[in-house]
Amino acid sequence: MSTENSATSAGTAPLPPMHCMRRLEPGPPRLAALPTGTPVWLVTRHADVRQVLTDPRLGRAPLYAPDAPPITVTPNILDDPQSMLNIDGTEHQRLRRTVQRAFTPRAIERWRPWVASVVESLIDELIDHGSPADVVAGYTRPLPVAVISRLMGLDNLDSKRLAHWSDHALSTTAYSADEILTAMTEFAAFGAEVIAERRAAPGDDLVSGLLAAAAEDGSISEGQLVLLVIGLVVAGHETTMTSLGNALVYLLQDGREAWQRLTSDEAGAAAATEQLLRAVPLGDAQEHMPGLLRRTVEDVEIGGVVIPAGSVVAADAQAANHDPEAFIGGLDSELFSPLAAPTLTFGAGPHHCLGAWLARMELELALHRLARRLPALRLADPVERIDWRRGLLTRSPNSLRVVW
C-alpha cells in the first residue's frame with residue numbers, strides 16, 4: 001500500500017512552507033547515517049560542497065559498485081546504474097554531449113518568446129476562470145509541462161500520467177517498492193515508444209536530436225537512451241513546478257512587498273529568481289537524508305577532515321546555499337541583489353543540472369508576468385492549510401488557492 005501523499009490526511013501535522021524549513025548549520029564534515037543505516041559524511045559548507053561535486057576523487061558510479069553499501073530504502077529514478085547521473089568520467093561526458101547543446105544559455109534564450117506566450121496564455125485562462133483559483137492546476141504545473149512537451153515533441157503527453165510517473169520516480173516514502181517498479185516499467189515503455197516513433201519519423205525536437213547524436217556516437221545502449229528520454233521528461237518539469245509553487249507561497253505570504261516590486265521590475269525578476277532558487281530548497285530534509293550523494297575512490301581531505309576511501313558523502317546544498325561565508329542576508333533583504341556566490345541548487349561540476357538555464361528562464365518569466373497581470377494576487381487560505389506533496393525527493397503544493 002502507498003502512504004498518504006497529502007498534508008490534510010488524518011493525524012498528519014501541518015508542514016511549514018519550504019522557505020521556513022530548518023536547515024543544518026554549515027560546519028566541518030561530520031558523520032551521520034542514511035535511512036538505510038549506512039554511515040555518511042555530511043558536508044555543509046559552500047566551499048566544501050563545491051569540492052565534493054567537482055573533485056574527480058568522488059563520484060556517482062562508485063555508489064553502485066559491487067561493494068557499495070545500500071543508500072536508498074526504496075528505489076527511484078536516480079538509482080539506475082545505467083543512467084547518465086550515475087556514470088562518471090569520459091562515458092558520462094559522451095552521454096551528456098548528446099543532449100547538452102539543447103540546454104546552453106544561447107539555445108534556451110531562443111525559446112524565450114514562445115515561453116512568454118505560454119505564460120501569458122495560462123494567465124489569460126486563470127483570469128477567465130475567475131477568483132478564487134488553484135494556481136498549481138492552472139499555472140505552476142501546466143507551464144513546465146507545456147515547455148518540456150514542446151521541446152521533446154510530446155504533443156499528446158497526458159499530464160496526469162506524467163504526474164503519476166514523476167511522483168513514483170521521485171518517491172522516498174510515498175509508494176512501495178512494487179508500486180514504484182510498476183510505474184517505472186510503464187514509464188520506460190513510454191520512453192521506448194517515443195524513441196521508436198522518432199526513429200520512424202524524425203522531427204525538429206530534442207528526442208530526434210538525441211537519437212541522431214547517439215547514432216553518430218554508436219556506443220550508447222538502448223537502455224541508456226530510454227533513461228535519457230524519461231529522465232528529461234521528469235527533470236524538465238519537476239524542478240520548475242516545485243520552485244515556482246514554493247516561490248509563490250513565499251511571495252504571496254511573507255514577500256508581499258517583493259511581489260509588488262515584481263509587477264514593474266523585469267530586470268529584478270532575474271535576480272529574484274536566482275535568490276529564490278538559492279534560498280528555497282526543492283526538497284524536505286525531514287523526508288529523506290539531505291545531500292547530493294557521492295562516494296570516495298581514495299582518501300580525500302575536505303574542509304580539514306580526511307574522509308577515507310569508499311566512504312559515502314552527502315553534499316548538503318541547502319545548508320551550503322545559506323553559508324554565511326558565501327552569502328549575506330536572507331530573502332527579506334537580498335531578494336533583488338545579485339548572488340554573492342554560485343547557487344548549488346543545480347549542483348556543480350560534471351553532473352551540474354542540464355536544465356538549469358531553462359528552469360531559470362521559466363521562473364523569471366512566470367513570476368514577473370503573473371505579478372504584472374495580477375498585482376493583487378494573494379493566498380486564499382492560511383499557509384497551515386496548504387496541501388503538500390509528501391514522501392518525495394521534492395516538496396511543493398499539491399494545490400494552492402489564490403484570490404485577486
Side-chain angles (χ1 to χ4, degrees), residues 3 23-24 26-45 48-89 91-92 95 168-181 183-184 223-224 227 231 281-320 344 347-353 391-394:
T3 59
R23 55 187 177 272
L24 295 174
R30 53 196 182 274
L31 270 173
L34 295 172
T36 57
T38 295
V40 61
W41 286 92
L42 190 56
V43 178
T44 52
R45 293 185 296 213
D48 297 344
V49 167
R50 279 191 63 82
Q51 180 185 344
V52 169
L53 300 178
T54 58
D55 193 321
R57 296 172 296 175
L58 298 99
R60 287 286 302 178
L63 291 167
Y64 301 93
D67 66 337
I71 58 173
T72 55
V73 176
T74 54
N76 57 52
I77 200 171
L78 308 183
D79 288 333
D80 195 312
Q82 285 192 92
S83 76
M84 183 168 64
L85 177 66
N86 298 322
I87 297 172
D88 300 315
E91 187 179 359
H92 171 261
L95 271 172
H168 283 75
L170 301 174
S171 173
T172 55
T173 59
Y175 303 99
S176 70
D178 287 344
E179 288 171 321
I180 295 169
L181 178 60
M184 290 303 92
Q224 287 175 324
L227 284 169
L282 294 171
D284 188 343
Q286 304 303 314
E287 293 279 359
H288 61 94
M289 183 66 192
L292 305 165
L293 297 182
R294 300 290 188 270
R295 191 173 180 220
T296 56
V297 296
E298 60 183 80
D299 292 359
V300 182
E301 182 176 340
I302 301 172
V305 177
V306 176
I307 298 179
S311 299
V312 177
V313 179
D316 187 347
Q318 181 180 343
L344 295 173
H351 290 281
H352 181 267
C353 177
L392 310 176
L393 290 170
T394 57

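Only heavy atoms go into these numbers, but all of them, side chains included; no hydrogens, no water, no symmetry mates.
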If you take all heavy atoms of Arg50 and Ala348, which pair is closest and at what distance? NH1-CB, 4.0 Å

Those residues at least two apart in sequence (or on a different chain) that pass salt bridge (charged side-chain N to carboxylate O under 4.0 Å, His left out) with Asp79 are none

Pro39 to Leu31 - nearest heavy-atom pair and separation: CB-CD2, 4.4 Å

Heavy-atom closest pair, residues Pro308 and Ser311: O-OG, 2.8 Å

Counting N and O atoms only, with roles assigned by atom type, does the side chain of Thr36 sit under 3.5 Å from a partner on the main chain of Pro70, one being a donor and the other an acceptor? yes

Distance from Asn86 atom CG to Asp80 atom CG, nearest 0.5 Å? 7.5 Å

Atom CD of Gln82 and atom CG of Leu95: how far apart are they, to the nearest 0.5 Å? 10.0 Å

Would you call the rings of Tyr175 and His168 parallel, tilted or perpendicular if under 30° counts as parallel and over 60° as perpendicular? parallel

Run the side-chain hydrogen bond (donor to acceptor under 3.5 Å, both in side chains) test against Thr296 and tell me which residues pass, sequence neighbours left out. none

Distance from Leu24 atom CG to Leu42 atom CG, nearest 0.5 Å? 5.5 Å

For the pair Gln51 (side chain) and Glu301 (backbone), establish whether a donor and an acceptor sit closer than 3.5 Å, ignoring hydrogens and angles. yes

Which atom pair, heavy atoms only, marks the closest approach of Ala319 to Pro26? O-CG, 3.6 Å

What I want to find out is whether Arg294 reaches Asp88 closely enough, with some N-O distance under 4.0 Å, to be called a salt bridge. no

Enter the distance from Leu85:CG to His92:NE2 here, rounded to the nearest 0.5 Å. 7.5 Å

Thr44 side chain to Asp316 main-chain N or O, any donor-acceptor pair under 3.5 Å? no

State whether the side chain of Asp299 and the backbone N or O of Ala309 hold a donor-acceptor pair below 3.5 Å, judged by distance alone. yes

Could you walk me through whether Trp41 and Val305 pass the side-chain contact (heavy atoms from CB on, under 4.5 Å) check? CA-CA 10 Å; Trp41 286 92; Val305 177; 3.8 Å; yes

Can you tell me how far CG of Leu227 sits from CE of Met84, rounded to the nearest 0.5 angstrom? 10.5 Å

Can you name the closest pair of heavy atoms from Ala177 and Thr74 and give their distance? N-CG2, 4.2 Å

Report the C-alpha distance between Gln224 and Ile87 in whole Å, list the side-chain angles of each, state the deciding distance to 0.1 Å, and finish with yes or no for side-chain contact (heavy atoms from CB on, under 4.5 Å). CA-CA 11 Å; Gln224 287 175 324; Ile87 297 172; 3.4 Å; yes

Quick one: does any side-chain atom of Ser171 pair with a main-chain N or O of Leu392 as donor and acceptor, under 3.5 Å? no

Between the CG atom in Leu34 and the CD1 atom in Ile71, the distance rounded to the nearest 0.5 Å is 7.5 Å

Just one of Val43, Asp48, Leu58, Leu292 clears the side-chain contact (heavy atoms from CB on, under 4.5 Å) bar with Leu53, so which one? Leu292

Test your reading of the model: is there a side-chain donor-acceptor pair from Thr394 to the backbone of Leu282, 3.5 Å cut-off? no

Could you tell me which residues satisfy salt bridge (charged side-chain N to carboxylate O under 4.0 Å, His left out) with Arg60, sequence neighbours excluded, listed by chain and number? none

Return the minimal non-hydrogen interatomic distance between Leu293 and Leu63, and the atom names on each side. O-CD1, 3.6 Å

Arg295 side chain to Pro62 backbone, donor-acceptor under 3.5 Å: yes

